[in-house]
*Asks:* 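This is the structure, below, for whatever I ask next.
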Amino acid sequence: MSAAALSAPCTLGEFHLFEGGGRQFLYLVPAGAIFEVDSAVEAVIGLLREGPAGYDELVARLVAAGHSAGDATELLEELRRVRVIVGENHVREPLDAPPADFPLQSLVMNLTNQCNLSCTYCYEFGEDKVATPEGKKKFMDLDTAKASVDFLLSQSSGRNTVHITFFGGETLMNFPLLKQVVTYANERAAEQGRAIDFSLTTNATLLTETIIEFLSENRIGVTVSMDGPPDLHDKLRVFANGTGSYAIIAPRVKALIQNHRTRPITARVTLTNGVTDVVRIYRHLKHDLGFHEVGFAPVTTSPDRLYAIGESGMDGVLDDFHKLADEYLEYALRGEMHGFSNVSDTLAELIQGVNKSHPCGAALGLMGVGPSGDIAPCHRFVDSDQHSLGNIATGVDREKQADFLNRGHVGNKYDCQTCWARPLCAGGCHHEAFVRYGDTGHANLHYCDWIRDWTDKCLRIYGTISANNPEFLEQFAERKALN
Ligand code: SF4
Ligand code: SF4
């Protein structure tokens, strides 16, 4: 290092300090990585908190504190490499976006835009819907489905396994097509020496023994949309006549969990005003019904809707998330898996060192296709003319895709630039941003404090597990979350 560099003032880089299992860690924001803090690192941070200092001055002060000059130099080099310390005039490098021809990994096929329920909060049919299905096909046909499978296989070169998620409307309203797609997709993938992994999301009302058997035989992962015990589930998950759907789905869900033997069954809960008792909902779905995992997401809506969760409701949700997360930690320290998937999903991202340019895979590794063959950034934008990225018959409109991705890039979200949670959040869901702010590229600023609190909690859980039972974390290396 030159003499000028040695005396040039250094300052602290961007990181979030957290504690876990009695140890200190840094979450390194430019890299999305975790770095353990020992007493020497703590000393450097303490010195630089007093103000900028030259490199040689830092070495001298570490030596005065009892470290050898060699150790001090090595440590400072390491801290510069991982950007815990940076030059005073350091300019942050922008995070590269993935290339425009990023290979597809997952296709969400909305087999129908019809549903046999009328859930008040539904983003497809409710007051905040972005879909414009008028005049379009209600059910996907076989030709469109086959073309969609071909599209996925042609756009995913280099990937040995790709993923198809069946979605709706209510997915099982087009079960005959689903069966044909599984057969066709398996044949086409096998011809290429590749594999397809299938999953579906359903409201469970139409599950039958035959369907469950098919799902199990074909290793199709199942997520059931379900909001808890009857008094909570039936508030908004209703048929068109207003009757709740719990009584219809409970026996079907039990049969699914009992007889689908090849993949774990997951519940996905939408939290709304009055449906925020996360712990009670979790207990019912996990322990009474037997779901393998339960994941929670607050409803996506304008803040003035009756079912929107207000600020105090979200505080209560966060308290309950903390309670379940503490329980998760107890399980993990015993080497047992807890079913609260919100923790597992975040742990997986931390372990994989995720550093997102975009909040999710929408329009990158993931796309949605609607019954008419329209291509959308993800399943939530299917059938929306405003957000269409082309059609299966004609291909992706690369200009529209680039515009969507450019606006959604975290580097273009002003408020996120100084936020330590951005490697994981990257501004949050594009669809939620559109519903809230009318722009898919807007940062979801209504939940920043919430996200940072929750991310900090998951970091502390990570730290505690890595200090006390690091083997537990190995299982998350390959885990992927699907929103
Ligand atoms: S949306 Fe908020 S929490 Fe998320 S990265 Fe941006 S500023 Fe941070
Ligand atoms: S996070 Fe939002 S935009 Fe991204 S895939 Fe999920 S619903 Fe779509």
Side-chain angles (χ1 to χ4, degrees), residues 14-16 27 29-30 32 92 95 98 102 104-110 121-124 128-131 163 165 167-168 199 201 223 225 268 270 295-301 314 318 341-342 345-346 349 354-370 375-384 386-389 401 404-405 407-437 439-459 480-483:
E14 244 192 317
F15 56 79
H16 173 70
Y27 182 54
V29 179
R92 182 155 36 87
L95 198 58
F102 191 76
L104 207 52
Q105 170 86 70
S106 301
L107 190 67
V108 185
M109 295 177 65
N110 287 36
Y121 54 66
C122 179
Y123 60 77
E124 275 184 273
D128 296 304
K129 75 183 177 93
V130 302
H163 192 101
T165 298
F167 215 86
S199 63
T201 294
T223 298
S225 304
R268 207 260 190 204
T270 300
F296 296 82
V299 67
T300 295
T301 180
M314 285 302 286
L318 192 55
S341 67
N342 296 64
D345 290 344
T346 307
E349 293 194 324
V354 161
N355 189 12
K356 298 178 183 174
S357 61
H358 293 80
C360 59
L364 274 168
L366 177 145
M367 288 191 192
V369 57
I375 299 169
C378 79
H379 50 294
R380 286 200 179 193
F381 291 107
V382 158
D383 272 348
S384 163
Q386 187 179 352
H387 301 100
S388 168
L389 297 181
Q401 181 190 21
F404 179 88
L405 291 174
R407 277 183 297 113
H409 192 293
V410 67
N412 295 327
K413 297 172 185 173
Y414 177 80
D415 298 271
C416 303
Q417 302 317 302
T418 50
C419 173
W420 65 261
R422 71 176 182 280
L424 293 179
C425 173
C429 170
H430 305 284
H431 173 263
E432 182 154 6
F434 184 79
V435 170
R436 279 269 175 168
Y437 306 98
D439 176 3
T440 56
H442 201 292
N444 281 289
L445 300 175
H446 54 286
Y447 59 36
C448 296
D449 290 342
W450 202 102
I451 288 288
R452 283 189 284 261
D453 185 297
W454 178 240
T455 308
D456 177 70
K457 180 72 179 177
C458 290
L459 282 166
K480 293 264 176 287
L482 187 70
N483 297 293

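Order of listing sets the numbers, starting from 1, for every ligand and every atom in it. Bear in mind that the values here come from a model prediction, so they are computed numbers and not experimental data. Atoms considered below: every heavy atom in the structure, side chains included; atoms not considered: hydrogens, waters and symmetry mates.
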*Asks:* Provide the protein N, O or S atoms situated under 2.8 Å from atom 2 (Fe) of ligand 1; waters are not included.
*Replies:*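 Correct list: Cys448 SG.
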*Asks:* Would you check, one step at a time, whether the test side-chain contact (heavy atoms from CB on, under 4.5 Å) holds for Tyr121 with Thr270?
*Replies:* CA-CA 9 Å; Tyr121 54 66; Thr270 300; 3.7 Å; yes
*Asks:* Say whether, by atom type as modelled, one donor and one acceptor occur between the side chain of Gln417 and the main chain of Val410 under 3.5 angstrom.
*Replies:* yes
*Asks:* Looking at Arg380, which atoms of ligand 2 are within less than 4.0 Å of one of its heavy atoms?
*Replies:* 7 (S)
*Asks:* Check whether any N, O or S atom of Cys429 sits under 2.8 Å from atom 2 (Fe) of ligand 2.
*Replies:* yes
*Asks:* Which residue, Thr455, Asp456, Asp449, forms the side chain to side chain donor-acceptor pair (under 3.5 Å) with Arg452?
*Replies:* Asp449
*Asks:* Below 6.0 angstrom between ring centroids: does that apply to Tyr437 and His442?
*Replies:*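 Between Tyr437 and His442, the centre distance is under 6.0 Å.
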*Asks:* Please work out which of the three classes, parallel, tilted or perpendicular, describes the rings of His431 and Phe381, given edges at 30° and 60°.
*Replies:* perpendicular
*Asks:* Compute whether any side-chain donor of one residue and acceptor of the other, for Arg268 and Thr201, lie under 3.5 angstrom apart.
*Replies:* no
*Asks:* For Phe404 and His430, I'd like to know if the aromatic rings sit close, meaning centre-to-centre distance below 6.0 Å.
*Replies:*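 Between Phe404 and His430, the centre distance is under 6.0 Å.
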*Asks:* I need the atoms of ligand 2 closer than 4.0 Å to a non-hydrogen atom of Cys378, numbered in the order shown.
*Replies:*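 The list of qualifying atoms is 3 (S), 5 (S), 7 (S), 8 (Fe).
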*Asks:* Where does His430 meet ligand 2, judged by heavy-atom distances below 4.0 Å: at the side chain, the backbone, both, or neither?
*Replies:* both
*Asks:* What atoms of ligand 2 come within less than 4.0 Å of a heavy atom belonging to Cys360?
*Replies:* 1 (S), 3 (S), 4 (Fe), 5 (S)
*Asks:* Closer than 3.5 angstrom, by distance alone: can the side chain of Trp420 be matched with the main-chain N or O of Val29 as a donor-acceptor pair?
*Replies:*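 No; zero donor-acceptor contacts below 3.5 Å.
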